[in-house]
Amino acid sequence: MSEFPTGSVWLVGAGPGDPDLLTRKAERLIGKATVIFYDALVGPDVLGFASSGARLVHVGKRAGRHSKDQKTIDSLIVEAALSGERVIRLKGGDPAIFGRVTEELEACRHAGVHVQICPGITAASAAAASLGASLTLRGMARKLTFVTAHARVGEALDLDWDRLSDPDATLAIYMGKSAAGEIASRLIEAGMPGDMPAALVENASLPDERTFVTRLDLLPISAMTALGDGPAIILVGHAVSGNAAPATARAVAGRCCASEVTSAP
Ligand code: SAH
């Protein structure tokens, strides 16, 4: 069977945005698709690999903005496949990390549609690369926890803060920018030191990327400084101070400022 028969679906990871961070397989599949349902977080240049005849359908969602609901997306994918298209569902990062991939796999399988996953580089990996840091650190960060801080509007975050405050782990917090204040205070309450290195990376791998390295108790200031509405990921733990001096946030004459390590011109 060919890699991408008509009437089949690929759930493809588009990586963090930079088209050079797409896998060769993803690029090849994108070029063969007849229809691509893509998310808001898919880098614009990635869609440039689609063939000129392909139909590009935006089904994306960003916090607070209208988008197609998951069931509608599931039906669109299945219907397109059943009508004989080569379907790609293109998602930012890795489709299997906070990507609602299970629903789409189940919808396809239920309809008897052949479906496969092509992985992508997740935001945490791209952010660590931008920081010049590792996500793990021998002897000090032996675990890596991926967590989403997404909560329904008006609801508190329902996370196991005692477990997350483990100082021997690196925390990669997706969808956490607007909850940075709550995240920092709950982790500190649960026992994580306030001077634990913390980083925030907005638009990782894209030309307007911004990276901030600070400490946990000053993380909320960085989150406020990162005013863009681009996606941002928070990394917390000994491993993430990267090339910057650890705990680079400074208190200057009573005024705290997070140190911005790099910023696109
Ligand atoms: N499947 C994606 C994650 C989807 S959840 C992945 O593997 O990366 C969406 C969240 O991912 C965003 O709110 C943000 O926290 C993070 N994210 C995605 N792209 C990003 C980028 N280029 N820079 C920083 N964070 C990003």
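As the structure lists them, so they are numbered: ligands from 1, and atoms in each ligand from 1.
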Side-chain donor or acceptor of Asp69 paired with backbone N/O of Thr72 under 3.5 Å | yes
So, are Arg24 and Glu27 salt-bridged, with charged N and O less than 4.0 Å apart?
-> no
With a 3.5 Å cut-off and no angle check, do the side chains of Glu3 and Gln116 form a donor-acceptor pair?
-> no
Classify the contact between Thr148 and ligand 1 as side chain, backbone, both or neither, using a heavy-atom distance cut-off of under 4.0 Å.
-> neither
From Thr122 OG1 over to Tyr174 OH, what is the distance, rounded to the nearest 0.5 angstrom?
-> 2.5 Å
From the list Val35, Thr34, Leu29, Val9, side-chain contact (heavy atoms from CB on, under 4.5 Å) with Ile88 holds only for Leu29
Any nitrogen or oxygen of Ile97, main chain or side chain, under 3.5 Å from a nitrogen or oxygen of ligand 1?
-> yes
Hey, mind stepping through Glu85 and Arg55 against salt bridge (charged side-chain N to carboxylate O under 4.0 Å, His left out) and telling me if it holds?
-> CA-CA 10 Å; Glu85 305 234 43; Arg55 200 157 51 89; 3.0 Å; yes
Counting both backbone and side chain atoms, is some N or O of Ile173 under 3.5 Å from an N or O of ligand 1?
-> no
Within the structure, does Asp94 bring an N/O atom to less than 3.5 angstrom of an N/O atom in ligand 1?
-> yes
At the 4.0 Å heavy-atom cut-off, does Gly92 count as touching ligand 1?
-> yes
Using non-hydrogen atoms of the residue, decide whether Ala232 is closer than 4.0 angstrom to ligand 1.
-> yes
Where ligand 1 meets Val201 - atom numbers and elements under 4.0 angstrom, heavy-atom basis | 24 (C)
Do ligand 1 and Ala123 have nitrogen or oxygen atoms that lie under 3.5 Å from each other?
-> yes
Do any N or O atoms from the side chain of Ser205 and from the backbone of Asp18 form a donor-acceptor pair under 3.5 angstrom?
-> yes
Closest to atom 22 (N) of ligand 1 (judged by heavy-atom distance), picking from Pro95, Ala14, Pro16 | Pro16
Checking Leu21, Asn203, Leu22 against Pro16 for side-chain contact (heavy atoms from CB on, under 4.5 Å), the one that qualifies is Leu21
Among Thr122, Leu41, Leu21, closest by any non-hydrogen atom to atom 6 (C) of ligand 1 = Thr122
Taking distance alone, with no angle check, do Ala204 and ligand 1 share an N/O pair under 3.5 Å?
-> yes
Should one rank Pro231, Ala149, Gly43 by closest heavy-atom distance to atom 20 (C) of ligand 1, which comes out on top?
-> Pro231
